[in-house]
Number of protein chains: 2
Amino acid sequence: MSEAGAGTGARSARPTSRDVAQAAGVSQSTVSLVLGGKWTGRVSPATARAVEETAERLGYRPNAAARNLRLGTTRTVLLVIPTITSPFFGPVYIGAARVAARHGFGVVVYPPDDARPATPGASPFAVPREAIDGIMASSMTLDALRGFGRAPVVMLDSGPAAAGTAPTVDFAVEDGMRAVVAHLAGLGHRRFGHLAAAVDEWTFRARGGAVARAVHDVPGGTLTRAAGAIDVRSAKEAAERLLGLPDRPTALVCDDDLMAAGVYKAARARGLEIPGDLSVTGFDDVEIARALEPELTTVRLPAQELGEQGMLALLELLGGGRPEPRALPVELVVRASTAPPPA
Amino acid sequence: MSEAGAGTGARSARPTSRDVAQAAGVSQSTVSLVLGGKWTGRVSPATARAVEETAERLGYRPNAAARNLRLGTTRTVLLVIPTITSPFFGPVYIGAARVAARHGFGVVVYPPDDARPATPGASPFAVPREAIDGIMASSMTLDALRGFGRAPVVMLDSGPAAAGTAPTVDFAVEDGMRAVVAHLAGLGHRRFGHLAAAVDEWTFRARGGAVARAVHDVPGGTLTRAAGAIDVRSAKEAAERLLGLPDRPTALVCDDDLMAAGVYKAARARGLEIPGDLSVTGFDDVEIARALEPELTTVRLPAQELGEQGMLALLELLGGGRPEPRALPVELVVRASTAPPPA
DNA sequence: CTGTTAGCGCGTTCAG
DNA sequence: CTGAACGCGCTAACAG
């Protein structure tokens with residue numbers, strides 16, 4: 001009867017803290033104290049060590065549900081994104097989940113479903129992950145977060161506008177677009193076209209504004225613009241409108257790499273060589289940029305770092321801090337789709 | 001004092017089931033029964049209705065942690081994938097999460113991090129989402145799941161081999177490859193090249209085997225093969241080896257759309273026109289297939305349905321059932337990268 | 001048909 | 001310095 005912990009091999013369920021306590025010959029609270037890391041000055045070092053070893057030996061892991069219930073915290077954060085089917089958000093998730101894991105947090109993604117982006121469940125049990133410690137929202141406005149309760153929020157890639165309300169982490173997209181235009185202008189281009197993404201998000205408004213300002217600063221620079229959805233077909237159509245102009249641009253600046261793929265198609269259809277007859281640039285530097293032929297000059301966005309910094313900011317916020325707004329530097333990646341304009 | 005629920009506006013915390021019970025003038029267990037949906041014959045319809053209305057009015061949502069603790073279940077499943085940075089797995093997640101949500105389950109993805117695919121946390125608190133009801137593992141072997149405990153498992157896209165051990169959901173990749181070869185053979189091709197993905201997964205072994213068998217069945221058909229990693233550069237190099245052959249293939253069958261992009265580059269470098277001089281096919285039908293020029297003939301894999309069916313199978317398994325192995329039909333998508341061989 | 005009670009596993013008092 | 005006792009919110013036995 002007193003041989004606690006030994007000989008009870010039949011029960012292979014996960015050990016509880018009480019099992020650890022019994023096996024180590026101490027009480028449950030001692031186990032809790034030791035494993036919680038706040039035992040110094042309250043438990044003798046020898047006991048602490050013994051407890052740690054027993055826990056290790058038994059393969060003890062605290063029961064998350066009990067922990068959450070007691071602490072009123074879930075150690076789970078929600079990553080809200082506009083669409084899960086974009087190559088951009090994978091790295092964001094990776095970055096967030098990586099630093100989250102380092103702090104004992106899990107990350108769950110919302111929405112699970114592109115089709116109906118904001119449908120709260122009908123039954124009260126339909127959205128099990130309602131219990132959440134905080135929210136990271138990427139590429140959207142604060143308004144879009146109605147229905148998520150009053151959890152602490154960090155806004156990612158949503159512009160500094162929300163900075164008063166919530167901590168923000170953004171890319172320095174203006175710098176990126178300025179670098180693109182400077183690169184092109186340095187090559188000798190003067191007639192610019194901008195293929196704008198017809199998407200109402202801060203980042204695209206910022207890209208458009210930056211292009212306009214940058215071209216304005218190029219002596220003799222002119223800018224024409226066409227907008228389209230972020231898919232190959234729409235981008236191709238928009239590009240055709242630009243390329244059909246009497247004084248057609250010699251360089252097309254795209255809001256997105258995928259749109260650049262559409263430009264390639266439009267150019268080929270007109271018999272225009274890239275980059276000989278037409279220079280093209282993208283934005284984001286997703287996989288497709290290197291799959292295109294010629295490879296695409298574009299702007300690399302540190303998407304993973306966005307997730308990391310966002311999670312760090314959220315952690316700071318949860319800890320009672322007031323994280324500063326941050327803007328992540330971007331990088332112009334010059335490949336083979338840009339060259340001096342035709343003579 | 002008896003005005004329970006009213007006038008206590010100061011407390012804006014989430015209402016508990018006890019709050020609902022008080023406000024409705026019934027006991028906690030009645031609330032539990034009614035909201036749990038199993039009250040018929042045990043609670044009067046009138047009371048049930050009253051409870052539902054009060055719950056609604058108070059905006060009551062059950063506390064997940066308490067529920068989980070009591071039930072010993074988490075209503076969370078783990079989706080284990082080889083790499084999160086592949087456009088293939090987004091739709092799988094969507095499918096899984098969609099049907100999961102319909103059943104009150106959440107889906108969390110593992111690993112959060114491509115870099116170290118199987119690192120269990122160092123501290124006992126590092127992997128908070130260890131508490132899981134079941135696992136869906138995609139594109140891997142059962143062996144790779146060591147360290148995830150003994151949760152019920154469904155294997156996705158991992159071949160019927162594991163079928164004895166765990167329920168499986170697969171694509172009919174053999175059908176897909178046979179359709180590709182038949183399409184090409186119908187166009188008149190006889191010299192085939194296979195650009196194999198050098199990845200040790202069932203799906204790629206199946207693709208390779210299917211190509212070999214299908215070409216074998218083409219009268220006069222010959223097959224050469226080169227392997228490479230699934231990225232543009234490796235695929236390009238592998239394609240160059242095939243295209244440098246004295247009797248070079250007139251059709252290149254690729255294991256993956258991204259590899260086809262590498263073939264495009266190799267072909268252009270040699271001055272070969274696609275599809276005039278060389279037909280190319282992909283596999284998966286990810287976004288890049290339509291971004292390439294000419295657009296890629298490929299095989300569409302119903303990735304989202306894989307997730308849906310996988311989750312359905314897991315649900316059935318959790319409910320004590322024995323789901324049948326299933327193979328999802330695939331579809332040949334003929335675009336512009338295939339044509340009759342040069343004369 | 002409804003209310004009372006016990007306990008899931010944990011972290012945190014409060015006695016000893 | 002350690003152990004016993006309590007309660008987080010919920011569900012499932014058991015009483016009434």
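Convention: sequence-line order gives letters A, B, ...; per-chain numbering from 1. Worth knowing before you read on, the calculation uses all heavy atoms, side chains too, and leaves out hydrogens, waters and symmetry mates.
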Please produce a list of atom pairs where a protein N or O lies less than 3.5 Å from an N or O of nucleotides 5-7 of chain D.
residue: D:dG7; atom: N2; partner: A:Arg70; partner atom: NE; Å: 2.8

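- If you take CZ on A:Arg49 and CH2 on A:Trp39, they are separated by 9.0 Å, rounding to the nearest 0.5 Å.
- Donor-acceptor pairing under 3.5 Å is lacking for the side chains of B:Ser32 and B:Ser29.
- Following rounding to the nearest Å, B:Trp39 (CH2) and C:dG3 (P) show an atom-to-atom distance of 15 Å.
- There is no side-chain donor-acceptor pair under 3.5 Å between B:Thr83 and B:Ser86.
- When the side-chain nitrogen and oxygen atoms of A:Thr47 are compared with OP1 and OP2 of D:dT2, one or more of them lie within a distance under 4.0 Å.
- Atom CG of B:Leu69 is separated from atom C1' of C:dG7 by 9 Å (rounded to the nearest Å).
- Across the protein-nucleic acid pair, B:Arg42 atom CZ and D:dC14 atom C1' stand 12 Å apart, rounded to whole Å.
- A:Thr74 and A:Asn68 are not linked by any side-chain donor-acceptor pair at a separation below 3.5 angstrom, with hydrogens and angles left out of the test.
- Comparing the axis of the opening five pairs of the helix from C:dC1-D:dG16 to C:dG16-D:dC1 with that of the closing five pairs yields an angle of 50°, rounded to 10°.
- Proximity of A:Ser17 to the phosphate of C:dC10: a side-chain N or O atom is located under 4.0 Å from OP1 or OP2.
- Between the CG atom of A:Leu35 and the C1' atom of C:dG9 there is a distance of 13 Å, rounded to whole Å.
- Take A:Asp170 and apply the side chain to side chain donor-acceptor pair (under 3.5 Å) test, not counting sequence neighbours, and it matches no residue.
- Qualifying side chain to side chain donor-acceptor pair (under 3.5 Å) partners for B:Thr54, counting only residues two or more places apart in sequence or in other chains: none.
- Set against D:dC10, C:dC10, D:dT2, the side chain of A:Val43 has D:dT2 as its closest nucleotide.
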Distances under 3.5 Å between nitrogen or oxygen atoms of protein and nucleotides 14-16 of chain C:
none

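- The minimum heavy-atom distance linking A:Phe88 with A:Phe171 is given by the pair CZ-CE1, 3.5 Å.
- Among the protein residues, A:Ser32 comes within range of the nucleic acid bases, having at least one heavy atom under 4.0 Å from a base atom.
- Closest to the B:Ser27 side chain, of the nucleotides D:dG3, C:dG3, D:dC8, is C:dG3.
- Neither OP1 nor OP2 of D:dC8 sits under 4.0 Å from any side-chain N or O of B:Thr16.
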For residues 309-318 of chain A, please give each side-chain donor-acceptor pair under 3.5 Å, one per line with the distance, not counting sequence neighbours.
residue: A:Gln309; atom: OE1; partner: A:Arg326; partner atom: NH1; Å: 2.7
residue: A:Glu316; atom: OE1; partner: A:Arg326; partner atom: NH2; Å: 3.4

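- Looking at heavy-atom distances under 4.0 Å, A:Leu33 makes no contact with the nucleic acid at all.
- Of the candidates D:dT2, D:dC8, C:dC10, the closest approach to any side-chain atom of A:Arg67 belongs to C:dC10.
- Contact detail for B:Thr168 and B:Gly159: the closest heavy-atom pair is CG2-O, 3.8 Å.
- Nearest heavy atoms, B:Pro160 versus B:Trp202: CD-NE1, 3.6 Å.
- Computed from coordinates, the A:Leu71 CG to C:dC10 P distance equals 12 Å when rounded to whole Å.
- Remark: P of C:dT4 and CZ of B:Arg18 are 12 Å apart, rounded to the nearest angstrom.
- For B:Ala66, the side-chain atoms get nearest to D:dG9 when compared with the rest of C:dG3, D:dG9, D:dT2.
- Side chain to side chain, B:Asp157 and B:Ser139 meet the donor-acceptor criterion of an N or O pair below 3.5 Å.
- In this structure, the side chains of B:Arg42 and B:Leu33 come closer than 4.5 Å at one or more pairs of heavy atoms.
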